[in-house]
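Since we're looking at a predicted model, the values are computed, not measured.
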Amino acid sequence: SLVATVLPENATDKKVTWSTSATGIATVDDDGTVTAIEEGTATITAQAGDKTATCTVTVEDAIEKKSREVLMKIYEALDGPNWTKNSGWGTDKSPGTWSYVGYEKGVGVTSLSFMYESNLKGEIPDCIGELTSLKSFNLIITPGVSGTLPDSFRNLVNLETLSIIGTSMTSLPEVFGDMTKLTFAQINGNYD
């Protein structure tokens, strides 16, 4: 909600008219309440008589923003700059265009598929549990991945397919109990 104060206090016409520069991005009601419609930027204008004041409003996709943050933590934890493919990572392009990532607008990250000598190194970070829209997770022939799955992995209750093959992971904790949608799991050739 935006508030416009008309001065001086004794002004005879205190009526404020609200408008937006882009109704497809954000609308504004007669009382100054702004409603986000689509990603982008809009200028909200308050007018009283011949005086105006403006406010720039930026609408962001909260799901995409959070997805980017988590993906970048994974990128940093697994030595992303040295991956065989890392195109798109860290750019303003949709996460769905990033190497190894499946993404659905309005839903979030739906798959992470690191396959065949992608050159990952390190342990899967705890933040992976924040990707609750993940349906498919694959680590196939990624010997640089070590350690174990973090306990937060249990939060991935929408996971349908899981492949952990040819890693150097030392063990897998009991994190699969709540994954009632998991229909395919292949775990073999690990523990270097």
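With hydrogens and angles disregarded, no donor-acceptor distance shorter than 3.5 Å links the side chain of T148 to the backbone of T170. Remark: side-chain polar atoms of T54 are not paired, donor with acceptor, to backbone N or O of T43 under 3.5 angstrom. Here the side chain of T97 pairs no donor or acceptor atom with the backbone of G88 at under 3.5 angstrom. A donor-acceptor contact shorter than 3.5 Å is absent between the side chain of T27 and the backbone of T23. The backbone N or O of G49 sits less than 3.5 Å from a side-chain atom of Q47, completing a donor-acceptor pair. Distance alone, capped at 3.5 Å, places no donor-acceptor pair between the T167 side chain and the N190 backbone. For the pair N86 (side chain) and W89 (backbone), a donor-acceptor distance under 3.5 Å is absent. Of the possible polar contacts, none joining the N119 side chain to the T84 backbone as a donor-acceptor pair under 3.5 Å is found. Side-chain N or O atoms of N138 include none that pairs as donor or acceptor with a backbone N or O of I140 at under 3.5 Å. In this structure a side-chain-to-backbone donor-acceptor pair under 3.5 Å is missing from R154 to M179.
Linking Ile, Leu, Val, Met, Phe, Trp and Tyr residues whenever their side-chain heavy atoms come within less than 4.5 Å leaves V107 and I74 in two separate clusters. The hydrophobic cluster containing I141 does not contain L78, counting ILVMFWY residues as joined when their side-chain heavy atoms lie under 4.5 angstrom apart, directly or transitively. By the criterion of side-chain heavy atoms lying less than 4.5 angstrom apart, applied directly or through intervening Ile, Leu, Val, Met, Phe, Trp or Tyr residues, L182 is not grouped with V157; the two fall into different hydrophobic clusters. Cluster annotation: V109 and V70 are assigned to the same hydrophobic cluster (Ile/Leu/Val/Met/Phe/Trp/Tyr, side-chain heavy-atom contacts under 4.5 Å, transitive). When the side chains of ILVMFWY residues are joined at heavy-atom separations under 4.5 Å, either directly or via intervening members, I63 and I25 end up in two distinct hydrophobic clusters.
Of all heavy-atom pairs spanning I128 and S152, the tightest one is CG2-OG, 4.2 Å. Minimum heavy-atom separation, T20 to A42: OG1-CB, 3.8 Å. Closest of all the heavy-atom pairs between V34 and A26 is CG1-CB, 3.9 Å. Residues V6 and K14 approach most closely at CG2-O, 3.7 Å, considering heavy atoms. The minimum heavy-atom distance linking D61 with K105 is given by the pair OD2-NZ, 3.6 Å. Nearest heavy-atom pair, F153 versus L162, reported as atom, atom and distance to 0.1 Å: CZ-CD1, 4.0 Å.
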- [ ] Take S21 and T45, measure what side chain to side chain contact (heavy atoms under 4.5 Å, CB included) needs, and give me the verdict at the end.
- [x] CA-CA 8 Å; S21 65; T45 302; over 6 Å; no
- [ ] Give the C-alpha distance, both sets of side-chain angles, the deciding distance and a yes or no for side chain to side chain contact (heavy atoms under 4.5 Å, CB included) between T33 and V28.
- [x] CA-CA 5 Å; T33 301; V28 61; over 6 Å; no
TODO: Carefully, step by step, assess I44 and W18 under the rule side chain to side chain contact (heavy atoms under 4.5 Å, CB included).
DONE: CA-CA 7 Å; I44 307 299; W18 295 93; 3.9 Å; yes
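At least one side-chain heavy atom of I164 sits under 4.5 Å from a side-chain heavy atom of L149. When side chains are defined from C-beta on, D31 does not count as touching S1, because their heavy atoms never get closer than 4.5 Å. Side-chain contact between V145 and M169 is present, with at least one heavy-atom pair separated by less than 4.5 Å.
The distance from atom CG of D79 to atom CG of L120, rounded to the nearest 0.5 Å, is 8.5 Å. Rounding to the nearest 0.5 angstrom, the gap separating the CG atom in L156 from the NZ atom in K135 is 13.5 Å. Interatomic distance, CD of E123 versus OG of S168, reported as 11.0 Å (0.5 Å rounding). Note that NZ of K66 and SG of C127 are 8.5 Å apart. Values are rounded to the nearest 0.5 Å. Rounding to the nearest 0.5 Å places OG of S111 at 10.5 Å from CG of L131. With rounding to the nearest 0.5 Å, the separation of CG in D151 from CD in E174 is 10.5 Å.
Neither side chain, S118 nor T142, offers a donor N or O lying under 3.5 Å from an acceptor on the other. Remark: the T161 side chain and the S136 side chain contain an N/O donor-acceptor pair separated by less than 3.5 Å.
Salt bridge annotation for E69-K73: absent, with no cationic side-chain nitrogen under 4.0 angstrom from a carboxylate oxygen.
Using the six-membered ring where Trp is involved, Y100 and F114 have ring planes that are tilted, between 30° and 60° apart.
For D178, the CG atom sits in a loose shell: 12 or fewer heavy atoms of surrounding residues, nucleotides or ligands are nearer than 6.0 Å. Remark: N188 CG is packed, more than 12 non-hydrogen atoms of other residues, nucleotides or ligands lying under 6.0 Å away.
Checked against the 6.0 Å centroid criterion, the rings of W98 and Y103 do not qualify as a close aromatic pair.
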